[in-house]
Amino acid sequence: DHRDLHSFPTRRSSDLKFPRAVVCAAMHGTPVAVKFPLRSIGSKAPADIGNELRILRKLRHPNIVMFHGACINFEHQNIALVLERVDGISMDNYVGCSVEPAPTSETRAQCVVGVCRALMYLHSRIPSIVHGDIKPENIMIEHHSEVNSNCANSGQMPSRASVNAKLLDFGLSRVQTRRTKSLGGTLRWAAPEVFSRRGARPQPAADVYSFGCLVYFAATDELPLASWPKKAIVTAKRRGVRRSKSTRLNSSHPRYLVC
């Protein structure tokens, strides 16, 4: 019931690249985030937030943002999702930025492993679920401190940093059925077949491609295809360009290619 929610004054989330707003709230004393679409008066709620509702309500995993419920206004045809409030920062602000403490090789690996676990869970469902938009902006990083129990008897309890990745935004996700069609993705991160095969059924392999781009980003602090102009990326992905074994790198192509 929407009456159980108590929202707090807050600004709209500035790191969102889509027309939605997220506000902080509490539900029965539990901190939550309420996500709703930004739309003009009289228009219907976007289909992707309804799709996200259908997907998230069946998922429970420590590396996926928890779904608490939804508030649906049938009169105005509006939907608001009540989600777990993740205390952290997005991966694009965690990797490649001047954050303190700076991410180490270990914490970078923890981020990647967390996303990998989330994808394994989604892809092993029956039927499989394809996230469809794996990118740093859709991953939140939580910070934790792990206490070394071996030092407890000495009175000294040093801790080491650890992080946990949480996958967000299931607006482009699809459950694999015979009639399922792709909803697209983010150009720089999506697999070539998402754009080159119109009407093709989304496959878990597309998430794996995006995950590979994510690993590259976590390891190098560089965006995939960073030196490519947008037009070149569009052309390459629509044609489904792949790198053959005989292809050699030259000055006009970066070391990271569409693959």
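Below, all heavy atoms of this structure are taken into account, side chains as well, without hydrogens, waters or symmetry copies.
- Taking SG of Cys213 as the start and CH2 of Trp189 as the end, the distance is 6.5 Å to the nearest 0.5 Å.
- The shortest distance between side-chain heavy atoms of Val34 and Leu81 does not fall below 4.5 Å.
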Could you walk me through whether Met66 and Lys166 satisfy the side chain to side chain contact (heavy atoms under 4.5 Å, CB included) test, starting with their C-alpha distance in whole Å, then the side-chain angles of each, then the deciding distance to 0.1 Å, before giving a yes or no? CA-CA 9 Å; Met66 182 179 293; Lys166 292 246 181 185; 5.7 Å; no

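- In terms of hydrophobic clustering, with Ile, Leu, Val, Met, Phe, Trp and Tyr side chains grouped at heavy-atom distances under 4.5 Å, Tyr94 and Val215 are assigned to a common cluster.
- One N or O on the side chain of Asn138 and one on the backbone of Asp133 form a donor-acceptor pair closer than 3.5 Å.
- At a threshold of 4.5 Å between non-hydrogen side-chain atoms, the residues Asp207 and His123 count as touching.
- Connection of Val175 to Ile134 is established within a shared hydrophobic cluster, with ILVMFWY side chains joined at heavy-atom distances below 4.5 Å, either directly or through further cluster members.
- Remark: side-chain polar atoms of Thr107 are not paired, donor with acceptor, to backbone N or O of Pro103 under 3.5 angstrom.
- Between His131 and Phe211, the distance separating the two ring centers is not shorter than 6.0 angstrom.
- Heavy atoms only, all atoms of each residue included: Cys71 and Val82 are closest at SG-CG2, 4.4 Å.
- Side-chain atoms of Ser128 do not come within 3.5 Å of backbone N or O of Ser124 as any donor-acceptor pair.
- Between Leu83 and Phe67, some side-chain heavy-atom pair lies under the 4.5 Å cut-off.
- Asn51 contributes a side-chain N or O that, together with a main-chain N or O of Gly171, makes up a donor-acceptor pair within less than 3.5 Å.
- Lys237 places a side-chain N or O within donor-acceptor distance of the main-chain N or O of Leu187, the cut-off being under 3.5 Å.
- Of all the heavy atoms in Ala33 and Val22, the pair that sits closest is CB-CG1, 3.8 Å.
- Remark: the backbone N or O of Val163 is not paired with any side-chain donor or acceptor of Glu142 at under 3.5 angstrom.
- The structure places CG of Leu167 at 11.5 Å from CE of Met91, a figure rounded to the nearest 0.5 Å.
- Residues forming a salt bridge (charged side-chain N to carboxylate O under 4.0 Å, His left out) with Arg188 (at least two apart in sequence, or on another chain): none.
- Although no hydrogens or angles enter the test, the distance criterion places no donor-acceptor pair under 3.5 Å between the side chain of Arg85 and the main chain of Cys24.
- Minimum heavy-atom separation, Ala206 to Ala191: CA-CB, 3.9 Å.
- Relative orientation of the His61 and Tyr121 rings is tilted, given thresholds of 30° and 60° on the angle between their planes.
- Here OH of Tyr216 is found 4.0 Å from CD of Glu222. Values are rounded to the nearest 0.5 Å.
- Under the 4.5 Å side-chain heavy-atom criterion for Ile, Leu, Val, Met, Phe, Trp and Tyr, Leu168 and Leu59 are members of the same hydrophobic cluster.
- Of all non-hydrogen atoms in Ala118 and Ile64, the two that sit nearest each other are CB-CG1, 3.9 Å.
- For the side-chain contact (heavy atoms from CB on, under 4.5 Å) criterion with Pro136, the lone passing option out of Val95, Leu214, Leu223 is Leu214.
- Salt bridge Asp169/Lys135: absent, no basic N to carboxylate O contact under 4.0 Å.
- Across Pro202 and Arg174, no two heavy atoms sit closer than the pair CG-CB, 3.9 Å.
- A heavy-atom distance below 4.5 Å is found between the side chains of Ile72 and Phe74.
- No chain of hydrophobic side-chain contacts below 4.5 Å, direct or via other Ile, Leu, Val, Met, Phe, Trp or Tyr residues, connects Val130 to Phe195.
- If you chain together hydrophobic residues whose side chains sit under 4.5 Å apart, Val208 and Leu122 never meet in one group.
- Glu193 contributes atom CD, which lies 8.5 Å from atom OH of Tyr209 (distance to the nearest 0.5 angstrom).
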From CA spacing to verdict: side chain to side chain contact (heavy atoms under 4.5 Å, CB included), Val65, Val86: CA-CA 8 Å; Val65 64; Val86 181; 4.2 Å; yes

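- Ion pairing between a basic and an acidic side chain is recognised when a charged N comes within 4.0 Å of a carboxylate O; Asp221 and Arg108 show such pairing.
- The two residues Pro127 and Gln176 have their closest heavy-atom pair at CB-O, 3.2 Å.
- Here the CD atom belonging to Glu137 is positioned 4.5 Å from the CG atom belonging to Asp92, to the nearest 0.5 angstrom.
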